[in-house]
Structures are given as structure tokens and as C-alpha cells.
Peer 1: 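Sharing a structure with you now.
Note that ligands are numbered from 1 as they come in the structure, with each ligand's atoms numbered from 1 the same way. A quick note: this is a predicted structure, and the numbers were derived from the prediction, not measured.
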Amino acid sequence: MLATDALWFSYQDAPTLKGLTLDFSRQSVSGLIGANGCGKSTLFMNLSGILRPQQGAVLWQGKPLDYSKRGLLALRQQVATVFQDPDQQIFYTDIDSDIAFALRNIGVPAADIARRIDDALTLVDAQSFRHQPIQCLSHGQKKRVAIAGALVLQAKYLLLDEPTAGLDPSGRAQMIDIIQRIVAQGNHVVISSHDIDLIYEVCDAVYVLRRGELLVEGTPGEVFAQKTHLEQAGLTQPWLVKLHTELGMPLCKSEAELYARMRVKHIQEAS
Ligand SMILES: Nc1ncnc2c1ncn2[C@@H]1O[C@H](COP(=O)(O)OP(=O)(O)OP(=O)(O)O)[C@@H](O)[C@H]1O
Ligand SMILES: [Mg+2]
């Protein structure tokens, strides 16, 4: 179980996170949305034990997080994070060593390390630039390496901070695929993103943050129907929800579902 209980966090005097109580174990994919600076990345850093709340707690397996070296190592075997900025997460100059580092740290045998790295790099489509020095990669390529670095851990929880920022359309589609695969294996994903359409499509529950506070929570259908709350949080509705609210079209979860339903409608009208 990964959750927060009345969590308050401040960098300096003014609080950045204000009494957040969130339970990420209740659903497979949780989405965190909110305007720039509302505290999403700060929350991720609290969840991964990099930052420590001044009040309240991060709960891991039902207990307040153990911040000792051993406790954090145990947490990081089960909770893997892809940070917003790939440079924050990549330490080595070559890709294989960088990804292998975390696996060696948790005692994975050498033969398994090679296989796991190979699988993860294939999954994020990074084999073609695998042997280039990391400093020569583009932002999107680095992001793919950072995602591979988290996937190899095969953790129970994967925290993705802006995973599609900087990815091209095929990278974004692969990300959706990866999330669905991870969920099918019984794991959990927490995703923060400004890609509101992505959040709508992949999440089972959505949390809207506004200046460090929880403004609304619920299923994507419930949350995205609340236009006024979304505007207060500096957000807009996903395009599929807009088609529904503005034009009365059926509420669909994905572009593919919308096209399928419209095709059936056209066939029915034509016959
Ligand atoms: N290291 C830091 N020291 C002091 N203040 C910080 C630090 N990092 C972030 N902040 C402040 O904390 C607040 C929340 O920042 P955070 O990065 O968590 O927001 P965010 O929701 O992830 O934003 P974005 O959508 O731009 O990624 C902002 O006001 C930011 O200026
Ligand atoms: Mg952020």
C-alpha cells in the first residue's frame, strides 16, 4: 500500500503541500493533475522518500515510511520513479551502466541484469541509440532511457512524473502501452501529467491539486465533468469530454472507441 496521510510539506516557510490524504493502492492507475507549481513533483519526491514531510506521513505497506538507508532501499525496490527531468535521474555516461547500477544495488544477479536491461530498452524503443554516450542524446531519448531505468526494477508501484513530456507521438503511444502492460501484471502506476487526454484515457482515479491542496478526486468521468473546478485548477477538459459536453456526442474513453461508435451510427443511419 502506498498512501499519504494528512501530509504537509514546506521547502521554506509557506507550505507547498497542504494536508494531502491520498491512497494510490485503491486503483491501478492514479492521475495527478494541476497547474504549474501546484506541487505534483514535490509530492512524487515525498512518495519516493527524497523529501520528508514536516507533518503527516507517507504510508508504505500500512506504516509510516522508514527513512533509514535500509528502509529507503527497501522502498525503492518496490516503488520506482521516473522524474520529470531525466538529467535528475541519469548518473552514468553510458546507458547500460546507468540502468545496471540500480539493479546491482538491489542485488540482482549479473545474468538477469543483462536480460532485464535488454527487455526494457526494447520496450521503450531505445535499442538504436543504446551505445551512444548519454550526453549526446536528445531530451526525448534521455526520457526513454529514464523510463527504461525505472521499468527494469519491476516494482509494485511506478511513479511517472510527466512521462510523455518531450516524447514524440510514437513514444507517447508506447507509454500508454507500457502503462497497460504494467497494470496487467498487477502493479500500480501513479502518473502526473499536463497531457490531460492521456490522463483521461489511462487513469482509473484522478486527483486534482490546486496550490498544494486536493481540490477534487474521483473517476475520470466524475472529475472531468466538473468544468468549473477544472478551470479553478487552471485545467481544461479532455477533448473527448468536450465533444460530449459541447456537442452531445457519446462519452468515449479513447479515440478508437469514438470512431468505432461513430461508424456504427453512420451504418445505422444509412440503412
Ligand atoms: N527545491 C525547491 N526549493 C524551493 N521551492 C521549490 C523547490 N522545488 C519546487 N519549489 C516550489 O514548490 C512549488 C511546487 O513545485 P513543483 O515542482 O512540485 O510543482 P509541479 O506541480 O510539479 O509543477 P510543474 O507542472 O511545473 O511540473 C512551486 O511553487 C515551486 O516554486
Ligand atoms: Mg512537476
Peer 1: Give a yes or no answer on whether the side chain of Lys143 reaches the backbone of Pro86 with a donor-acceptor pair at less than 3.5 Å.
Peer 2: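 Such a contact is absent between Lys143 side chain and Pro86 backbone.
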Peer 1: To the nearest 0.1 Å, how far is atom 24 (P) of ligand 1 from its closest protein heavy atom, and which atom is that?
Peer 2: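 Its nearest protein heavy-atom neighbour is Asn36 ND2, 3.6 Å.
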Peer 1: Tell me, which protein residue and heavy-atom name are nearest atom 17 (O) of ligand 1, and how many Å apart are they?
Peer 2: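 For atom 17 (O) of ligand 1, the nearest protein heavy atom comes out as Ser41 CB, 3.8 Å.
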Peer 1: Starting from atom 9 (C) of ligand 1, find the nearest protein heavy-atom neighbour and note its residue, name and distance.
Peer 2: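 Answer for atom 9 (C) of ligand 1: Tyr11 CE1, 3.4 Å.
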Peer 1: Output yes when the distance from some N or O of ligand 1 to some N or O of Gly39 is under 3.5 Å, and no in every other case.
Peer 2: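 For ligand 1, there is an N or O atom that lies under 3.5 Å from one belonging to Gly39.
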Peer 1: Using a distance threshold of 4.0 Å (strictly less than), state whether atom 2 (C) of ligand 1 has a protein heavy-atom neighbour.
Peer 2: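 Looking at atom 2 (C) of ligand 1, one finds that a protein heavy atom does lie closer than 4.0 Å.
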Peer 1: Strictly distance-based, threshold 3.5 Å: is any side-chain N or O of Gln237 a donor or acceptor partner for the main-chain N or O of Phe224?
Peer 2: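 Answer holds: yes.
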Peer 1: Run the numbers for me: atoms of ligand 1, each under 4.0 Å from some heavy atom of Gln84, listed by number.
Peer 2: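 Ligand 1 atoms under the 4.0 Å threshold to Gln84: 27 (O).
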Peer 1: Do any heavy atoms of Met45 fall under 4.0 Å from ligand 1?
Peer 2: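 The answer is no, since Met45 has no heavy atom less than 4.0 Å from ligand 1.
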Peer 1: Taking only Lys NZ, Arg NE, NH1 and NH2, and the carboxylate oxygens of Asp or Glu, determine whether Asp195 and Arg172 approach each other closer than 4.0 Å.
Peer 2: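 Counted as a salt bridge, because a side-chain N and a carboxylate O are separated by less than 4.0 Å.
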Peer 1: Return the residue, atom name and 0.1 Å-rounded distance of the protein heavy atom closest to atom 14 (C) of ligand 1.
Peer 2: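 The closest one turns out to be Gly37 O, 3.3 Å.
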Peer 1: Looking only at atom types and distance, does a side-chain atom of Gln27 sit under 3.5 Å from a main-chain N or O of Asp23, one as donor and one as acceptor?
Peer 2: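 Such a contact is found between Gln27 side chain and Asp23 backbone.
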Peer 1: My question is simple, although I want it checked carefully: is atom 12 (O) of ligand 1 less than 4.0 angstrom from any protein heavy atom?
Peer 2: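 Yes, at least one protein heavy atom sits under 4.0 Å from atom 12 (O) of ligand 1.
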Peer 1: Are the side chain of Thr164 and the backbone N or O of Leu167 linked by a donor-acceptor pair below 3.5 Å?
Peer 2: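 Between the backbone of Leu167 and the side chain of Thr164 there is no qualifying donor-acceptor contact (under 3.5 Å).
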Peer 1: Indicate the ring-plane relationship of Tyr157 and His188, choosing parallel, tilted or perpendicular according to the 30° and 60° boundaries.
Peer 2: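 Tyr157 and His188: parallel rings.
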Peer 1: By number and element, which atoms of ligand 1 are closer than 4.0 Å to a non-hydrogen atom of Thr16?
Peer 2: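 Listed by number with element, the hits are 12 (O), 13 (C), 14 (C).
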Peer 1: Give every residue pair that meets the ring-ring contact (aromatic ring centres under 6.0 Å, His included) criterion with at least one member in residues 229-271, sequence neighbours excluded.
Peer 2: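 Found none.
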Peer 1: Would you check whether Cys38 reaches within less than 4.0 Å of ligand 1, judged by its heavy atoms?
Peer 2: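 Judged by the 4.0 Å heavy-atom criterion, Cys38 does count as contacting ligand 1.
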Peer 1: Hey, which protein N/O/S atoms does the Mg ion (ligand 2) have under 2.8 Å?
Peer 2: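 Those protein N, O or S atoms (cut-off: under 2.8 Å from the Mg ion (ligand 2)) are Ser41 OG, Gln84 OE1.
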Peer 1: Would you find a donor on one side and an acceptor on the other, under 3.5 Å apart, between the side chain of Thr81 and the backbone of Phe83?
Peer 2: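 Checked: no pair found.
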Peer 1: Any nitrogen or oxygen of Gln12 lying under 3.5 Å from a nitrogen or oxygen in ligand 1? Just yes or no.
Peer 2: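 No.
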Peer 1: Would you say the side-chain atoms of Thr4 pair up with the backbone N or O of Leu7, donor to acceptor, closer than 3.5 Å?
Peer 2: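 Flag not set: sc Thr4 to bb Leu7 has no pair under 3.5 Å.
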Peer 1: Are any of the N/O atoms in Glu162 less than 3.5 Å from those in ligand 1?
Peer 2: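 No.
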Peer 1: Considering only protein heavy atoms, which is closest to atom 18 (O) of ligand 1, and at what distance to one decimal place?
Peer 2: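 Result: Thr42 OG1, 2.5 Å.
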Peer 1: Side chain of Glu246, backbone of Lys242: donor and acceptor closer than 3.5 Å?
Peer 2: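 Between the backbone of Lys242 and the side chain of Glu246 there is no qualifying donor-acceptor contact (under 3.5 Å).
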Peer 1: May I ask you to decide if Phe91's main-chain N or O and Asp98's side chain share a donor-acceptor pair within less than 3.5 Å?
Peer 2: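 Checking the backbone N and O of Phe91 against the side chain of Asp98, a donor-acceptor pair under 3.5 Å is found.
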Peer 1: Is Gln77 reaching over with its side chain to a backbone N or O of Ala74, donor-acceptor style, under 3.5 angstrom?
Peer 2: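 Here the side-chain-to-backbone pair does not exist.
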Peer 1: Give a yes or no on whether the backbone of Leu121 and the side-chain of Asp125 come within a donor-acceptor separation of less than 3.5 Å.
Peer 2: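 No, Asp125 side chain to Leu121 backbone: no donor-acceptor pair under 3.5 Å.
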